[in-house]
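This report concerns only the one structure given below.
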Amino acid sequence: MSGRVIVVTSGKGGVGKTTATANIGVALASTGASVALVDMDIGLRNLDILMGLENRVVYNLVDVVEEKCKLRQALVKDKRLPSLCLLPAAQTRDKSAVNAEQMKKLSDELKTMFDYVLIDSPAGIESGFQNAIAGASEAVVICTPEMSAVRDADRVIGLLEARKEEIGQYRLIINRIRPQMVKSNDMMSVQDVLEILSVKLLGVVPEDDEVIVSTNKGEPLSGGENVRAGQAYRNIAQRLKGEEVPFLDLDSLNATWLSKVVSFFNPTARV
Amino acid sequence: MQVLNWFFRTKGDDVRTRAKDRMRLMLIHDRLELPPDRLASLEEELIAVVSRYFEIDRDTTRFDLQQYERRAALVANFPLLRSKS
Ligand SMILES: Nc1ncnc2c1ncn2[C@@H]1O[C@H](COP(=O)(O)OP(=O)(O)O)[C@@H](O)[C@H]1O
Ligand SMILES: [Mg+2]
C-alpha cells in the first residue's frame, strides 16, 4: 500500500488546522478509508483532545522516533472508527526533539500502513513547519478571511512552491467564513481571498458554534448532517478523494446555503 | 505607496474593498521583498529618464502593478506630448 501524506498547515496559529485535521480525518475514515492522524505540534499536544482520545495516549511520536517503542504501539486506535488512528505528539518535549529526516522516515512508514496520513502542523514557518512538511507529498493550507491569516498563508504557499518536487499539490481551505459580514462588506469573501492568493480551493468552512460543541465532546462531526461546518469538512474529504463536489456558496445569503456554486477566480485580477 | 493607493481607491470604500486592496499591495511587496517606498522612487527615476527625451503628460501617467496568478507585472504608461530636441 502507498497512501497519501497530506500536511495541514497555515503559518498563523489558531486558524483551525487541528480542528480541520480531526474533522477531515473522521470524514475520510467514515468513507471506509484507513487514516492516520499525526500530531506534529510537539509540546502543544491538541489533536488527542479534539479526537476525545486523550485518556488513551501511552506513547507518542517522539518515543517512536527515539525508538522507545514501536510505531504500532504508539498509534491510538479510535474505537468508534476502527480504520482511524492517532499518533499523538509529545507534550513535554519541544520541536527540536525530531528532525526533518526522521519525519520523512516516519511518514514513509505510515504510508505503507494507511490510505491517508494527515499531518497536523504547528504554527510558524520555522523548524516545526519544516519537519511537518518533510514527508508530505500534498499540502492543505488553511486561512481565515482575515488579513494577517491571508498574509501568513501566502508566505506558506511561497515556501510550498519552492518545494514543488516533493509537494506535488497544495490547496486552500478558507475557514470561519461569516456570510453575514461578507454580505455587509465588512469582511473579505471567498472570491476575494482566492483572487489574492491565486490558489486552488479545497473547501470553505463557515463559522459554526457546533465546531466548538463537537470539540468539547471529543467527537468530530458528531452534530450530524445538519451542521454546516461538518458538511463542509465532509465535502473536503470527498474532494481529497478526487470526487467533484460543488462548492457551497457562502457569499450569497439570498440563495439557500446548499443551492449555489461558488463562481471563482479571475486569474488576471488587477492589483 | 502613495501612487498605488491612488490607483487602488476604486469601487466603493467599504471595509471589505479596503481590506482586499491593502492585502494585494501587501502581498506584492511581500512576494518581491519590495521595501514600501521603492516603487515610488522607481517611478520618479523612470519619469526623469523619459522626460529627457519627451515631454510627458504627467496627469495621465499610469504606473502600477498587475497580478498574474502569483506573479506581479509592472505596467507603466507615459503618454507622450512631444519629443525634446
Ligand atoms: N469553523 C469554525 N467555527 C467556529 N470555531 C472554529 C472553527 N474552526 C476552528 N474554530 C475554533 O478556533 C480555535 C482554534 O482552532 P484550532 O483548530 O485549534 O487552530 P490551530 O490548530 O490552527 O491553532 C478553536 O477554539 C476552534 O474550536
Ligand atoms: Mg493546532
Side-chain angles (χ1 to χ4, degrees), chain A residues 11-12 125 141 143-164 167 169-172 174 176-201 250-253 264-271, chain B residues 1-47 57-79:
Chain A
K12 190 175 162 64
I125 48 171
V141 179
C143 73
T144 61
E146 289 162 85
M147 294 182 64
S148 54
V150 174
R151 184 185 211 175
D152 290 359
D154 189 67
R155 190 74 205 286
V156 163
I157 290 167
L159 294 170
L160 294 171
E161 286 259 289
R163 292 177 52 112
K164 258 202 192 103
I167 312 248
Q169 73 164 337
Y170 56 85
R171 283 176 284 180
L172 186 74
I174 304 179
R176 307 193 81 154
I177 276 274
R178 296 205 245 170
Q180 207 66 56
M181 285 190 73
V182 175
K183 207 189 167 205
S184 58
N185 284 329
D186 286 322
M187 191 180 213
M188 284 186 287
S189 68
V190 170
Q191 285 96 328
D192 292 341
V193 175
L194 289 177
E195 262 177 43
I196 289 164
L197 291 177
S198 186
V199 60
K200 275 206 194 111
L201 183 65
L250 297 168
D251 290 349
S252 155
L253 276 183
F264 65 108
F265 184 123
N266 167 13
T268 55
R270 198 120 210 202
V271 169
Chain B
M1 279 290 210
Q2 221 60 54
V3 191
L4 286 161
N5 284 345
W6 160 81
F7 177 73
F8 279 127
R9 210 171 303 118
T10 43
K11 41 187 183 267
D13 229 4
D14 55 67
V15 174
R16 172 181 163 191
T17 308
R18 271 171 58 192
K20 191 176 174 185
D21 290 347
R22 287 174 63 205
M23 206 62 246
R24 283 182 162 160
L25 194 58
M26 190 200 299
L27 291 190
I28 284 200
H29 284 77
D30 280 0
R31 288 169 188 164
L32 296 170
E33 298 180 54
L34 186 65
D37 52 358
R38 188 62 64 85
L39 222 44
S41 55
L42 172 61
E43 182 183 19
E44 286 312 307
E45 278 185 47
L46 281 177
I47 286 176
D57 180 2
R58 293 292 298 264
D59 294 335
T60 55
T61 293
R62 267 286 178 92
F63 190 81
D64 58 66
L65 292 167
Q66 289 186 5
Q67 185 184 338
Y68 294 95
E69 303 192 335
R70 292 183 53 78
R71 285 254 181 94
L74 179 63
V75 179
N77 191 332
F78 300 136

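Quick note: numbers below take in every heavy atom, side chains included, and nothing from hydrogens, waters or symmetry partners. Each chain gets a letter, A, B and so on, in the order its sequence line appears, and its residues count up from 1.
Remark: B:R70 engages A:D154 in a side-chain hydrogen bond (donor to acceptor under 3.5 Å, both in side chains) (not counting sequence neighbours). Scanning for side-chain hydrogen bond (donor to acceptor under 3.5 Å, both in side chains) contacts around A:Q169 gives an empty result, with sequence neighbours left out.
When A:V150, A:I157, A:L197, A:N185 are compared by the number of non-hydrogen pairs under 4.5 Å with chain B, A:N185 comes out ahead.
In the model, A:S148 has no side-chain atom that pairs as donor or acceptor with a side-chain atom of A:E146 under 3.5 Å.
Heavy atoms of B:R22 lying under 4.5 Å from chain A belong to its backbone as well as its side chain. Both the backbone and the side chain of A:M147 come within less than 4.5 Å of a heavy atom in chain B.
Using a 4.0 Å cut-off between charged side-chain N and carboxylate O, B:K20 and A:E195 make a salt bridge.
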